[in-house]
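Predicted, not measured: the structure shown is a model, and the values here were computed from it. For ligands, and for the atoms within them, numbers begin at 1 and follow the listed sequence. Atom set for the values below is all heavy atoms of this structure, side chains included, hydrogens, waters and symmetry mates excluded.
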Amino acid sequence: MIRSTVARVDLTALKSNFRAIRDFLKAASEPGILAPSDAPARHRTVAQRTPDVIAVLKANAYGHGSERVGLALEEAGATMFACADIEEGIVLRRAGVTRPILIFGALSVSDLDGLFDYSLTPTISTPSAARAVQAAAARRGVACGYHLKIDTGMHRLGFRHDNLGRTLPTLRASPNLRLEAVYTHFATADVPGHSLFEEQRTRFEQALTRIDARVLRHAANSAAVLRDSRVWYDIVRPGLLLYGIVPPPLASTIPLQPVMSLTSRVVSVKGLRPGEAVGYGARFTAAEPRTIAVVPAGYADGLDLRLERGGHVLIRGRRVPIVGAVSMDMMTVDVTHLEDVSPGDEAVIIGRQGSESWQQIDVREMAAAIGTIPYEIVCRIGARIERQYV
Ligand SMILES: *Cc1c(COP(=O)(O)O)cnc(C)c1O
């Protein structure tokens with residue numbers, strides 16, 4: 001490792017999060033056991049079977065590196081994975097992941113070989129995809145198991161919930177397609193009190209009554225897992241929770257640990273005289289003498305320009321503000337109030353530097369500081385940043 005900005009991915013924390021989620025589901029599903037305080041106990045009328053977990057690994061496992069994350073979760077007992085497209089599924093298979101892999105996204109109907117060559121499970125969300133997969137399976141003389149996606153109100157992918165009478169019969173008559181599961185996706189699971197969540201739940205349950213066969217059902221992303229155990233059904237699909245991040249604005253008592261940290265080292269320290277400015281646009285001007293430290297990580301590494309207003313890093317155990325424009329390969333921080341900052345000092349961009357509560361910058365905090373969501377922060381950590389697995 002030569003570059004000083006590195007992302008550390010804690011696979012022990014990842015596995016522990018996976019187990020903590022499973023324990024949470026189990027505790028809340030068992031009859032007579034007091035639910036954790038954030039389980040929506042008022043919704044639990046009958047004990048339900050503990051749902052299985054589909055571990056969501058799309059977008060390179062939310063920037064954490066899907067190969068190592070997939071293998072670690074398989075070791076921790078994960079029985080099924082999901083990713084966005086066939087290419088991501090192939091990466092997981094080549095890494096040695098053996099469990100079923102569900103492809104969430106729409107299929108490019110022209111190139112379906114990967115489904116069969118790497119035994120990936122497609123989502124069928126349009127009649128044309130159904131025809132294409134049926135034709136490809138027939139050509140190979142195999143049956144292809146699939147998950148059926150129903151659009152209950154997100155209005156992106158899926159068969160419309162109110163048109164299944166027309167669309168389902170042809171799909172179900174496809175001789176080489178084997179229905180394994182039915183699912184939907186919530187648009188507002190993380191918008192507390194939004195009525196669309198409840199409407200989608202009702203529409204999904206209505207749609208399920210149209211399917212005669214015994215199939216598995218799933219619907220819950222991380223937010224829905226936390227929000228309402230009625231939508232856990234047979235399998236839940238957490239992504240963000242696995243990486244130790246609770247989707248804002250929700251809270252949870254599941255004992256999760258952050259998985260990724262991002263650290264760098266100060267490469268240069270210099271003084272600004274009153275009236276001098278730092279960086280592109282000369283947007284930060286020193287009113288009095290200032291000391292600036294340069295950290296070699298910039299927007300090419302996924303660090304947002306908006307960090308200029310409200311972003312911090314940790315140096316010598318103290319929070320220091322990012323000042324001036326974030327540039328492509330570096331950013332500048334105001335260390336005027338720290339003593340003896342020198343090149344080589346560690347700069348924590350995401351993660352901990354000490355045990356006090358303020359000695360941590362977590363992904364939720366960074367996202368809130370710049371007006372985005374934690375998902376965007378972790379997915380954008382750049383490709384040139386080395387992931388070190390610990
Ligand atoms: C990304 C995704 C998930 C996981 O979402 P989180 O909010 O990260 O838990 C679940 N289901 C589908 C269909 C997704 O695309």
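Near Ser222, meaning under 4.0 Å from any of its heavy atoms, are these atoms of ligand 1: 6 (P), 7 (O), 9 (O). Within ligand 1, counting atoms from 1 as listed, the ones closer than 4.0 Å to a heavy atom of Leu240 are 6 (P), 8 (O), 9 (O). The ligand atoms of ligand 1 that sit less than 4.0 angstrom from a heavy atom of Pro238 are 9 (O). Interface of Lys58 with ligand 1, defined as ligand atoms under 4.0 Å from a residue heavy atom, comprises 1 (C), 2 (C), 3 (C), 14 (C), 15 (O). Atoms of ligand 1 lying under 4.0 Å from at least one heavy atom of Tyr62, given by number and element, are 1 (C), 4 (C), 5 (O), 6 (P), 8 (O).
Here the heavy atom of the protein found nearest to atom 7 (O) of ligand 1 is Tyr375 OH, 2.6 Å.
Hydrophobic clustering (side-chain heavy atoms under 4.5 Å, transitive across Ile, Leu, Val, Met, Phe, Trp, Tyr) groups Leu256 together with Leu11.
Between the side chain of Gln359 and the backbone N or O of Glu356 there is at least one donor-acceptor pair closer than 3.5 Å. A donor-acceptor pair under 3.5 Å is absent between the side-chain atoms of Glu346 and the main chain of Ile315, judged by distance alone. A distance-only check finds no donor-acceptor pair linking the side chain of Arg306 to the backbone of Gly310 [under 3.5 Å].
Both the backbone and the side chain of Arg237 come within contact range of ligand 1, each with a heavy atom under 4.0 Å.
Between Tyr183 and ligand 1, a contact under 3.5 Å exists for no N or O pair. At least one N or O atom of Gly239 sits closer than 3.5 Å to an N or O atom of ligand 1.
Ring centroids of Phe204 and His161 are separated by 6.0 Å or more, keeping the two rings apart. If you look at His218 and Tyr183, their ring centroids are closer than 6.0 Å.
Arg68 forms a cation-pi arrangement with Tyr389, by the criterion of a distance under 6.0 Å to the ring centre and an angle within 45° of the ring axis.
Within the structure, the closest approach of Ala223 to ligand 1 does not fall below 4.0 Å when heavy atoms are considered.
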